[in-house]
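Side chains included, hydrogens not; waters and symmetry mates left out as well; all remaining heavy atoms used. All residue numbers in this chain count up from 1 along the given sequence.
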Amino acid sequence: MNRIYVDHAATTPVSEKAFAAMLPYFRESFGNPSALHSYGQEAKKAIESGRRAVARAIGAASSEIYFTSGGTESDNWAIHSACEMKRDRGRHIIGTAIEHNAVLRTLEKLQQRGYTVTLLRPDARGRVTADRLEAAIRADTVLISVMLANNVVGTVLPIEALCGVAHRHGILFHTDAVQAVGHIPVDVRKLGVDLLSLSAHKFHGPKGAGALFSKLPRLPLPYITGGGQEKGGRSGTENVAGIVGMAAALTECVDGLSERMRYLAGLRDRLIERTLQIPGAYLTGDPVERLPGHASFLFDGIGHSARLIAMLNEAGICASAGAACSASATEASHVLESLGYDAARNQSALRISLSTCNTEAEIDAISDRLPLFIAQLRRK
Ligand code: PLP
């Protein structure tokens with residue numbers, strides 16, 4: 001059976017270009033980048049070239065890019081560093097209720113250490129306004145962390161405006177851009193952010209590679225201590241192949257971005273239009289300000305969508321309920337809950353996230369089956 005993969009918000013296949021770029025760094029150019037001989041220097045050169053490519057893709061300087069193991073680590077590092085840097089100013093942090101657990105759990109940990117955390121509730125479409133943010137700011141606020149695009153409902157948040165508010169009050173701003181980088185234009189200067197997290201496996205790079213953009217004069221927290229790699233901030237022998245693959249994948253995404261966005265939005269809108277013809281089907285997230293390849297729905301009367309996901313899977317269609325990137329993919333989504341959906345609706349979520357690997361024929365195959373499966377579940 002030919003399978004249809006539509007869970008790209010969870011992870012993506014490594015692109016051919018990224019895979020080919022990585023291969024030499026497993027066997028031929030396998031050196032430790034810290035070594036002084038030619039093997040080491042080849043690896044070091046590859047890392048620095050990767051750093052330049054990642055920086056270019058998001059409008060940063062290469063000195064502002066720090067390599068990590070992925071989005072989770074970047075989020076942790078950014079938040080802890082910002083708090084440490086502003087320790088003397090206060091102990092209040094603002095986030096949103098729809099952040100990924102990589103941010104929420106980090107904020108919880110800081111709460112246990114005496115910080116106060118305000119989580120802004122977004123509107124029903126997943127947006128947070130500058131006014132709401134302004135109202136939550138206190139004299140002791142040290143950091144605001146708001147994601148650029150939401151993984152569960154696909155809403156793109158107005159980071160430029162929110163960051164402007166933060167800076168008017170002299171507060172640092174971090175954005176988790178894991179779902180956005182490689183999918184929509186991301187320019188750190190235009191956004192104005194101080195810190196930004198990204199992850200390679202969300203844009204056809206390998207798992208276990210990510211980056212943190214930081215324009216702070218230095219990252220005050222040696223996040224992982226040891227041999228002093230990444231300017232002493234994140235020790236450990238670098239994931240050379242991962243970095244090379246991430247840089248190649250990101251360059252590929254950014255180079256063809258407007259064309260990819262147009263293609264994906266076309267597939268997404270075709271899917272949304274067909275799905276909303278099913279009675280009792282609802283689109284979640286913002287209908288306009290959303291990721292080009294992201295469609296998320298709720299269905300009346302189907303119970304838990306785990307059964308729908310299983311039926312789709314039987315038919316060779318690999319979709320998800322929402323955040324598949326946490327260990328427990330079946331737990332009720334805190335995102336849908338904070339958008340105001342009750343528990344019954346919340347559990348009926350279906351997320352279909354696309355890439356340029358998907359075709360119109362695949363969208364039609366999904367659209368043909370969905371009404372049948374929904375009807376079947378409602379009969380049960
Ligand atoms: N932030 C968001 C918005 C995500 O969707 C994910 C997905 O897993 C992460 C952070 C974590 O990234 P990683 O899997 O690279 O640790």
Side-chain angles (χ1 to χ4, degrees), residues 9-10 71-72 75-76 78-79 92-112 115-138 141 143-159 161-163 165-166 173-180 197 281-291 294-300 304-306 320-353:
T72 301
D75 285 343
N76 273 261
I79 292 168
H92 178 237
I93 312 168
I94 301 173
T96 77
I98 59 167
E99 297 302 311
H100 188 272
N101 278 338
V103 168
L104 290 179
R105 297 281 103 85
T106 306
L107 297 181
E108 258 174 42
K109 205 163 161 182
L110 283 160
Q111 248 173 335
Q112 288 157 13
Y115 278 80
T116 308
V117 174
T118 301
L119 292 181
L120 301 173
R121 250 182 96 120
D123 63 20
R125 296 172 168 190
R127 306 258 296 175
V128 173
T129 62
D131 291 347
R132 293 281 283 280
L133 176 61
E134 184 96 47
I137 288 174
R138 306 188 335 193
T141 307
L143 172 68
I144 295 169
S145 180
V146 180
M147 69 201 323
L148 182 41
N150 182 266
N151 48 317
V152 177
V153 295
T155 301
V156 176
L157 287 100
I159 295 304
L162 300 177
C163 189
V165 173
F173 196 97
H174 164 249
T175 190
D176 173 340
V178 166
Q179 291 289 338
S197 309
Y282 310 90
L283 181 73
T284 57
D286 197 292
V288 180
E289 299 295 333
R290 67 183 304 130
L291 291 168
H294 195 295
S296 49
F297 306 97
L298 299 176
F299 300 97
D300 279 344
H304 201 295
S305 60
S320 78
C325 37
S326 76
S328 166
T330 51
E331 112 197 0
S333 163
H334 67 272
V335 174
L336 292 169
E337 215 171 281
S338 49
L339 262 52
Y341 294 105
D342 63 30
R345 281 252 171 99
N346 189 338
Q347 62 170 359
S348 70
L350 172 70
R351 178 181 73 180
I352 294 183
S353 47

Flag the pair [X] / [Y] as yes when at least one side-chain heavy-atom distance between them is below 4.5 Å, and no otherwise.
X: N346; Y: S333; answer: yes
X: Y341; Y: T284; answer: yes
X: V156; Y: L291; answer: yes
X: I94; Y: L143; answer: no
X: F173; Y: I159; answer: yes
X: I137; Y: H92; answer: no
X: Q179; Y: N150; answer: no
X: D176; Y: H100; answer: yes

Closest contact, heavy atoms only, [X] versus [Y]:
X: L339; Y: G285; result: CD2-N, 4.5 Å
X: A102; Y: D75; result: CB-OD2, 3.4 Å
X: V103; Y: S145; result: CG1-OG, 3.9 Å
X: G126; Y: I98; result: O-CD1, 3.6 Å
X: V178; Y: G71; result: CG2-CA, 3.8 Å

Please report the C-alpha distance between I144 and L162 in whole Å, then the side-chain angles of each, then the deciding distance to 0.1 Å, and finally whether the side chain to side chain contact (heavy atoms under 4.5 Å, CB included) criterion is met.
CA-CA 9 Å; I144 295 169; L162 300 177; 6.0 Å; no
Would you call D300 and R345 a salt bridge, taking side-chain N to carboxylate O under 4.0 Å as the test?
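A salt bridge is present here (some side-chain N lies under 4.0 Å from a carboxylate O).
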Quick one: does [X]'s side chain have a donor or acceptor within less than 3.5 Å of a partner on [Y]'s backbone?
X: R132; Y: R121; result: yes
X: H334; Y: N101; result: no
X: T175; Y: A177; result: no
X: S348; Y: L298; result: no
X: R290; Y: H294; result: yes
X: E99; Y: M147; result: yes
X: T141; Y: I93; result: no
X: N76; Y: T72; result: yes
X: S305; Y: A321; result: no

Within this structure, what is the CG-OG distance for the pair L120 and S338, rounded to the nearest 0.5 Å?
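If I round to the nearest 0.5 Å, the distance is 11.0 Å.
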As an exercise, state the distance from CG of L336 to OG of S296, rounded to the nearest 0.5 Å.
7.5 Å
Show, in sequence, the C-alpha distance, side-chain angles and deciding distance for I352 and L350, and conclude whether the side chain to side chain contact (heavy atoms under 4.5 Å, CB included) test is met.
CA-CA 7 Å; I352 294 183; L350 172 70; 4.0 Å; yes
Can you list the residues that meet the side-chain contact (heavy atoms from CB on, under 4.5 Å) rule with [X], with sequence neighbours excluded?
X: S353; value: D7, H8, A9, R351
X: T155; value: R127, V153, D286
X: A295; value: R268, L271, I272, F297

Intermediate values then yes/no, side chain to side chain contact (heavy atoms under 4.5 Å, CB included), L119 and T96
CA-CA 4 Å; L119 292 181; T96 77; 6.0 Å; no
